[in-house]
Amino acid sequence: MSEERIGISALERLRFVSNPSFSPDGRYIAFAVQRADVQKNGYQGSVYVYDVKDGGVHPVWRDGADYLWTAGNTLLCRVNAGEGQTALEEIEPDEGRSIRRLEIPLCVKQLCETAGDWLLITAAEQRKESVQNEDCQVLDELPFWANGRGVTNGLRTRLYAYGLRTGELVRISEESAEVGMISVRGHRVLYKAEPWTDVRTMHDGIYLYDLSTGEGRCLLAPGIRRTGLIGLWDDDEAVVASAEDCAYSDGKYPDFYTLNLEDGTLKGLAGYDFPSGEGTIGTDARYGAGRTVKAGEGICYFTTVRGGSACLWAICRDGTFRRLEEREGACDSFDVRDGHAVVCGFYGGQPAELYLDGRQITHLNDIRQVSAPVPMHFTASDGYEIQGWVMEPVGRAEGRRYPGILHIHGGPHASFGGIFYHEMQVWASAGYYVFFANPRGSSGYGTEFADVSGRLGDVDFKNLMEFTDEVLRRHPDIDAQRLAVTGISYGGYMTNWICGHTSRFRAAVAQCSIASWISIEHMSDIGYAFNKDNVSVWTREDAGKVWEQSPLRYAAGCRTPTLLIHCDEDYRTPLAEGIQMFTALKLSGTETRLCIFHGENHGISRNGKPKNRLRRMEEILCWMDRYLR
């Protein structure tokens, strides 16, 4: 084990690589690189290109990380512009020389795809006049806010086509529709959207638009089926991940279907019991996004989580599957062209880099794991095999006893793996054992394993406690009297729950947590849909069952010193959750502290302002040291 230590300030050394994409002629691979700038308290982004011919890597744009390739093998890079405007610079990839500047009279949300001389973009616009001023704000929709976006009442993400040669701007999606995933083939655009004006169902329809004729039509009406990835893989047919349920999801991962582009009929292609085109392995060393689905010529490539890894897989027209990336780790995004695949992935204990056909082609990070997570498996009392990992403290000495930290992931439908995770490396460098697992409810182990609906705090709690017991049995130099527990989001919920059900932990840090499922149902941006999936009932149907699964009910019995970390712009687990738990713990005589970060949302650990990310990690480590040293 390396004697090097990783400190909190290592955040400034990380280079966040993302969004690789082949140029149309296959000569270059463009990608985004971003870094935390503590002095400016933000993130600085650049666009780089890798020359497939000579292996050279160089930046072509240093004023942002958003880009797209044109059909002419040039890059369109976003420029900061005035309100209601978006500017793009067209750049030559070899020299980084600007060719021309384009002005789009919209506040562009995302550069989606190019289709010949058309640029597909999304823009957030008001559906109707919103009553909002310094004295009054009127809400009449559900959801009326969104984490990371603020109040969204009346806002819609619309799909547009912008003519790169003509400057023509064409709105493709219906005025009241919220647009999701899109796929482009030739002059055809397939996209998901849900028109809504009162309560959004979260069940998108599927639409087809022809850029050559300007005609659009609905292939699958919204509200009928739950849909996942979509992809145009030939001129007459698309591949769709879908499930039959409508009102509520039962946690079943969607299977694969073909969608006839003429009559909209769906035909079963293959069952699939894992996430497809969504989800990855948890880390705080990720910033940026990229392609997770690509279809064409009778094959659809997609990222998927299986076990403790996020992989690149493909489904073919005959319903067979194949895996393209064999290594354990996390494929975050990718592109494929002419039989070659480029992956942005976390492999070999280091932060994300690019890999072309399995060979590493970028080396932008000089930091890697100093305590490698060692995988372990055990069979829980419920008969399921649980996968976990243990990290030893850096510089561990034989015969010495060490404190330990149980870390719980968010979700619950999410996953941990053995990839680079900055704050866990910080804890190991500070002299802690760190252990974490994927209990029941986690992604990547099948629908049955993921289904904990109505049993939160039961099967998952037992799995985590048995995992802790097994870790202590296999690692006797962990001091069982000096254990802490922490987690964010669902992990924060479980931290609150654990502290109300056992006194085995000497310290706890609940981050962006849930105190009451009743308040989450009625305040969270996704609570009105999310709660039924996880708690199994609405409050109006069975308030007792909802309350039974809420940590607030058991807070009076908590004696574990607890640090609560929340953000005042978190609309996923609103600040009220932290205040409720803080008040209850104070009234029960428990040592507690509430740390509120202003201007931050649910993603503070991954995309918060650098100074707040550093302060958050300092708060956590100081709390652990205070009670475990």
Side-chain angles (χ1 to χ4, degrees), residues 4-14 16 35-43 282-287 351 367 369-371 391 393-395 402-410 420-434 436 482-489 491-492 495-496 499 505-513 560-570 573 575 578-579 581-582 585 591-629:
E4 180 188 351
R5 299 298 204 270
I6 292 180
I8 292 172
S9 63
L11 175 67
E12 300 175 66
R13 291 167 51 195
L14 288 171
F16 304 105
R35 65 179 181 85
D37 187 329
V38 175
Q39 184 175 359
K40 294 182 179 179
N41 204 22
Y43 296 87
T283 179
D284 60 353
R286 176 184 292 116
Y287 192 85
I367 185 173
Q369 293 172 345
V370 294
S371 178
M391 295 167 55
V394 176
Y402 292 88
I405 300 173
L406 169 64
H407 193 194
I408 307 171
H409 67 61
F420 183 91
Y421 206 119
H422 177 210
E423 69 181 8
M424 287 201 274
Q425 292 295 321
V426 169
W427 301 338
S429 294
Y432 290 91
Y433 267 92
V434 183
F436 48 99
R482 291 191 291 154
L483 298 180
V485 58
T486 187
I488 193 165
S489 192
T495 299
N496 287 336
C499 292
F505 295 93
R506 187 176 287 187
V509 182
Q511 309 170 59
C512 301
S513 64
T560 305
T562 302
L563 169 65
L564 295 155
I565 294 177
H566 276 263
C567 304
D568 65 1
E569 293 185 9
D570 184 345
T573 55
L575 176 58
I579 293 174
M581 204 68 196
F582 175 76
L585 293 177
E591 293 180 76
T592 187
R593 171 184 174 96
L594 174 59
C595 181
I596 302 172
F597 286 95
H598 298 300
E600 296 289 358
N601 61 53
H602 200 65
I604 182 174
S605 67
R606 304 178 300 276
N607 53 36
K609 298 180 183 69
K611 288 182 180 179
N612 287 339
R613 291 181 66 174
L614 296 174
R615 172 64 185 273
R616 170 188 159 275
M617 286 191 280
E618 290 169 356
E619 287 280 344
I620 295 171
L621 191 56
C622 286
W623 191 261
M624 302 295 190
D625 287 347
R626 176 179 175 183
Y627 292 98
L628 301 185
R629 291 299 181 187

Could you tell me which residues satisfy salt bridge (Lys or Arg N to Asp or Glu O under 4.0 Å) with [X], sequence neighbours excluded, listed by chain and number?
X	value
R606	none
E569	none
R286	D332

Check the pair F582, H566 against side-chain contact (heavy atoms from CB on, under 4.5 Å), reporting the backbone distance first and the verdict last. CA-CA 11 Å; F582 175 76; H566 276 263; over 6 Å; no
Backbone N or O of V394 within a donor-acceptor pair of the S371 side chain at under 3.5 Å? no
Please confirm whether the backbone N or O of S429 pairs with a side-chain atom of R5, one donor and one acceptor, at under 3.5 Å? yes
Which residues share a side chain to side chain donor-acceptor pair (under 3.5 Å) with [X], sequence neighbours left out:
X	answer
R506	none
D284	none
R482	D479

Do [X] and [Y] come within less than 4.5 Å of each other through their side chains, counting heavy atoms only?
X	Y	value
H422	I6	yes
Q425	I367	no
F420	L14	yes

With rounding to the nearest 0.5 angstrom, report the [atom1] to [atom2] distance, [X] to [Y].
X	Y	atom1	atom2	result
N41	L614	CG	CG	9.0 Å
D625	I620	CG	CD1	12.0 Å
I405	T486	CD1	OG1	8.0 Å

Can you name the residues that form a side-chain contact (heavy atoms from CB on, under 4.5 Å) with [X], not counting sequence neighbours?
X	value
A430	Y432, L621, R629
A508	V485, T495, C499, T560, T562
I488	Q511, C512, S605
N612	F597, E600, I604, K609

Please report the shortest heavy-atom distance between [X] and [Y], naming the atom on each side.
X	Y	answer
E423	M617	CB-SD, 3.8 Å
R35	F16	CA-CD1, 4.1 Å
P610	L11	O-CD2, 4.1 Å
L628	A484	CD1-CB, 3.5 Å
L564	G578	CD1-O, 3.8 Å

Give the ring-plane orientation class for Y433 versus Y402, where under 30° counts as parallel, over 60° as perpendicular and anything between as tilted. perpendicular
Are S489 and H409 linked by a side-chain donor-acceptor pair shorter than 3.5 Å? no
All ring pair (Phe, Tyr, Trp, His ring centres under 6.0 Å) counterparts of H407, not counting sequence neighbours: F416, Y421, W427
Any residue meeting ring pair (Phe, Tyr, Trp, His ring centres under 6.0 Å) with Y627, in chain and number order, not counting sequence neighbours: W623
Looking at R616, R593, R615, which one forms a side chain to side chain contact (heavy atoms under 4.5 Å, CB included) with I565? R616
